[in-house]
Amino acid sequence: MANCAFGLSNLLKTASLTGSASYYGLPQFAVSQVATDQGNNTAAFWSVGDTNKTAWFQATWSAPQSVQAFFVGRTNMGQGATVQISAKLAGNTVHWWEGSLTTLSGIGPAQAVHVAPAPVMADTVLIAVNANGTVAESYIAIALAYVGPIWQPVRNMSTKSTTGMDTGQTVNTGMAGAEFVSPGWMRRKAVVDHESLDLADIPVLEQIAYMAATGTNVLFIPDPDADPPTLNMRTLYGRIQRGDLSNPYGAALRQQTTFTITERL
């Protein structure tokens, strides 16, 4: 098990983006939507894809970038969909991966997460998504994506960290006491407790505090070494809030704080 990781710099925001044809060519469904923080499916990258129902987007930078984590989320696809990731430098492939949206439990978020064993330098990243018949609509929707580096604290999070879910639902109760539930939305969250952060972590902790204030999304990966279905199930991409920073152990110089990550809808 590796220390938890945070993706704090979505390089898609600084990239030149191209992609497969958008839905009816409408600008609100253009490929540029994958670089936004909102992740609203009504303003996502909607692509009609090609004849094989494959949608793709490519990020290009004028100078090589260090990338390690790749995320495609808030899709309208099922877990049978597959993803291919290709990172290139000066035309040469430096990293390639193929996976699916399958999660550990067989249910859960329709997202794909990949963490390379080590950072790679790339000036082009191409991500292709094949729906494999898992969408009822005539388009493939990709509302959120992340390509960039990760930060891992010197020591791992506490076992007191928790996960949970907020739900929006309407419950009607009949005269006989029967409950009829109409589900609305589901939003996963994690409260990450760190009791043993190092002094070397403090500059990044301050950066996270400013990111929280601006509403920037963060990719939270509890265990980058986990198998792909576990990564897909447990990884969160959304807003982060950081608690106060304290030094409860005095001379031990162990910093303590909490992070709350709320999935972006």
For this session: Let me see the working for Thr216 and Tyr210 under side chain to side chain contact (heavy atoms under 4.5 Å, CB included), right down to the final yes or no.
Result: CA-CA 9 Å; Thr216 302; Tyr210 282 100; over 6 Å; no
With rounding to the nearest 0.5 angstrom, report the [atom1] to [atom2] distance, [X] to [Y].
X      : Y      : atom1 : atom2 : value
Asn217 : Asp37  : CG    : CG    : 4.0 Å
Thr54  : Asn130 : OG1   : CG    : 3.5 Å
Asn247 : Ile202 : CG    : CD1   : 8.5 Å
Ser66  : Met121 : OG    : CE    : 5.5 Å
Thr124 : Trp61  : OG1   : CH2   : 7.5 Å

Is there a chain of hydrophobic side chains (I, L, V, M, F, W, Y, each step under 4.5 Å between heavy atoms) that links [X] to [Y]?
X      : Y      : answer
Leu126 : Leu17  : no
Val218 : Leu236 : yes
Val31  : Leu11  : yes
Met211 : Ile221 : no

Exercise. Given the rule in the side chain to side chain contact (heavy atoms under 4.5 Å, CB included) test, do Ser47 and Ser20 qualify, once you have shown the distances and angles that lead to the verdict?
Worked result: CA-CA 6 Å; Ser47 176; Ser20 50; 2.6 Å; yes
Give a yes or no on whether [X] atom [atom1] has more than 12 heavy-atom contacts from other residues, nucleotides or ligands under 6.0 Å away.
X      : atom1 : answer
Lys88  : NZ    : no
Arg188 : CZ    : yes
Asp227 : CG    : yes

Exercise. Mind checking whether His95 and Phe70 have parallel, tilted or perpendicular rings, split at 30° and 60°?
Worked result: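 Geometry flag for Phe70 against His95: parallel rings.
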For this session: For the residue pair Phe6 and Phe220, categorise the inter-ring angle as parallel (less than 30°), tilted (30 to 60°) or perpendicular (more than 60°).
Result: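 Tilted.
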For this session: With side chain to side chain contact (heavy atoms under 4.5 Å, CB included) as the test, would you mind laying out the steps for Leu101 and Thr75 before giving the verdict?
Result: CA-CA 10 Å; Leu101 276 63; Thr75 72; 3.7 Å; yes
Exercise. Between Phe259 and His194, which heavy-atom pair has the shortest distance, and what is it?
Worked result: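 So the two residues come closest at CE1-CD2, 3.5 Å.
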Problem set entry | Working for side chain to side chain contact (heavy atoms under 4.5 Å, CB included), residues Leu199 and Asp201 | CA-CA 5 Å; Leu199 290 177; Asp201 296 322; over 6 Å; no
Exercise. Where do Glu195 and Arg155 land on the salt bridge (charged side-chain N to carboxylate O under 4.0 Å, His left out) test, with the steps shown first?
Worked result: CA-CA 9 Å; Glu195 296 183 327; Arg155 287 176 288 274; over 6 Å; no
